[in-house]
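Working notes, structure below.
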Amino acid sequence: MDYLDELFGLKDKVALVTGASSGLGSHAAKALAKAGASVALVARREDRLLALAENLSKMGVRALSVPADVTENSQCERIFDETESRLGPVDILLHGAGIAKLRRAENHTREEWDTVMAIDLTAAFELSQIFTNRLLGRGQKSGRIIYLSSVMGLVANSVHRCVSYQAAKHGVHGLTKQLAIEWAKYGITVNAVAPAYFPTEMTIDPATGQIPEEMLKRMEQFTPMGRTGLPEEIETAVVFLASPASTYVTGTVVPVDGGWTAW
Ligand SMILES: NC(=O)c1ccc[n+]([C@@H]2O[C@H](COP(=O)([O-])OP(=O)(O)OC[C@H]3O[C@@H](n4cnc5c(N)ncnc54)[C@H](OP(=O)(O)O)[C@@H]3O)[C@@H](O)[C@H]2O)c1
């Protein structure tokens with residue numbers, strides 16, 4: 001085994017990735033697979049998951065499509081049942097599923113608030129709880145939890161008005177810290193990755209496939225590096241937090257933001 005493999009290799013590990021049907025979650029899944037992990041791909045759009053699973057299988061990776069809605073607690077249990085029976089016990093949980101609802105705070109509806117909280121924050125907690133209880137149940141001594149959070153969990157949003165997303169992502173960072181201290185004794189690390197803006201279904205206009213020009217200008221203006229991220233630029237932070245290289249890193253948030261939070 002060479003030095004980089006020793007540090008970052010995930011051979012024999014099983015990763016469960018939510019939000020794997022598009023954007024940053026699918027890149028995170030690919031990254032973990034390229035580092036050697038078997039991956040369970042979770043989201044609602046099965047066709048997308050099957051296509052990604054097929055691509056990863058061609059690379060010699062064990063990849064499983066597990067269509068599910070992560071806001072349903074019973075489906076979260078099923079996700080783990082299916083993954084464990086087909087791939088083995090889960091070592092790495094990455095919660096990448098997320099949505100944002102754009103609307104000024106004074107007009108934000110309760111329904112929008114509840115929907116965002118359910119996917120971005122509550123599912124993060126429920127999946128983590130199931131992951132940890134199963135890990136403890138089988139006497140496993142280590143595990144990794146990684147949340148795809150956002151710089152919007154660290155600062156207010158100068159580009160969009162989306163109060164529920166801000167609150168949910170700040171909540172994810174609180175969850176990261178609290179679970180990290182409660183579960184350190186179990187050998188479980190809990191960390192978050194905080195991207196700034198990336199072109200994904202969350203940010204592009206489906207009609208053009210691009211981030212609307214006016215928005216893009218503002219995103220670039222607020223990013224010291226003057227550009228949005230490339231989806232593959234999320235991969236190294238994810239692999240680092242999942243890998244043997246980060247055994248002593250927990251309760252932290254790693255910005256991948258072109259300097260967004262530096263000023
Ligand atoms: N793009 C950015 O600029 C940016 C910046 C900072 C943080 N982030 C964060 O990165 C993460 C991924 O976002 P993205 O940009 O890649 O957006 P995206 O392309 O819209 O992906 C969102 C993912 O979440 C899944 N999802 C949504 N609701 C779900 C549910 N109820 N059950 C299961 N899966 C569900 C979607 O799959 P289905 O629709 O198939 O269920 C999709 O795979 C999110 O947490 C987001 O907050 C993104």
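Every number for a ligand or one of its atoms is a count from 1 in the order of the listing.
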| task | Start with the C-alpha distance between L16 and T18, add both sets of side-chain angles, then the distance that settles side chain to side chain contact (heavy atoms under 4.5 Å, CB included), and finish with yes or no. | result | CA-CA 7 Å; L16 192 161; T18 72; 4.1 Å; yes

| said: Please tell me whether H108 and Y165 form a close aromatic pair, meaning their ring centres lie under 6.0 Å apart. | reply: no

| said: Testing the basics here: between I211 and L216, what is the closest heavy-atom pair and its distance to 0.1 Å? | reply: CG2-N, 3.9 Å

Between [Y] and [X], is there a side-chain donor-acceptor contact under 3.5 Å, judged purely by atom types and distance?
{"X": "S26", "Y": "R48", "result": "no"}
{"X": "R62", "Y": "S38", "result": "yes"}
{"X": "E232", "Y": "H27", "result": "no"}

| So, E54 and K58, do they make that salt bridge, N to O below 4.0 Å? | yes

| query | Charged N to carboxylate O under 4.0 angstrom, D81 versus R134? | reply | yes

| query | In terms of atom number and element, which parts of ligand 1 are under 4.0 angstrom from non-hydrogen atoms of G96? | reply | 11 (C), 12 (C), 44 (C), 45 (O)

| remark: Within 4.0 Å of some non-hydrogen atom of G23, the atoms of ligand 1 are 16 (O), 19 (O)

| field | Within-shell test, A68 vs ligand 1, heavy atom, strictly < 4.0 Å | value | yes

| said: Check contact between T18 and ligand 1, using heavy atoms of the residue and a distance below 4.0 angstrom. | reply: no

Indicate yes or no: does an N/O atom of [X] lie under 3.5 Å from an N/O atom of ligand 1?
{"X": "I119", "value": "no"}
{"X": "K169", "value": "yes"}
{"X": "Y165", "value": "yes"}
{"X": "F198", "value": "yes"}
{"X": "V151", "value": "no"}
{"X": "S150", "value": "no"}
{"X": "D120", "value": "no"}
{"X": "Y197", "value": "no"}
{"X": "V70", "value": "yes"}

Under 4.0 Å, heavy-atom basis, I'd like to know which part of [X] is in contact with ligand 1: side chain, backbone, both or neither.
{"X": "A196", "value": "backbone"}
{"X": "S149", "value": "backbone"}
{"X": "T203", "value": "side chain"}

| field | Full working for side chain to side chain contact (heavy atoms under 4.5 Å, CB included) between R161 and N107 | value | CA-CA 10 Å; R161 302 291 171 252; N107 298 326; over 6 Å; no

| said: Can a donor-acceptor pair be found, under 3.5 Å and without considering hydrogens, that links the side chain of Q75 to the backbone of V70? | reply: no

Got the closest protein heavy atom to [atom], with its distance?
{"atom": "atom 13 (O) of ligand 1", "answer": "M202 CE, 4.1 Å"}
{"atom": "atom 18 (P) of ligand 1", "answer": "S22 OG, 3.4 Å"}
{"atom": "atom 14 (P) of ligand 1", "answer": "T200 OG1, 3.5 Å"}

| task | Look at the rings of H95 and Y147 and say which category their plane angle falls in: under 30° parallel, 30 to 60° tilted, over 60° perpendicular. | result | perpendicular

| Heavy atoms of other groups near R86 CZ, more than 12 under 6.0 Å | no

| Nearest to atom 38 (P) of ligand 1 by heavy atom, P199, P255, S21: which? | S21

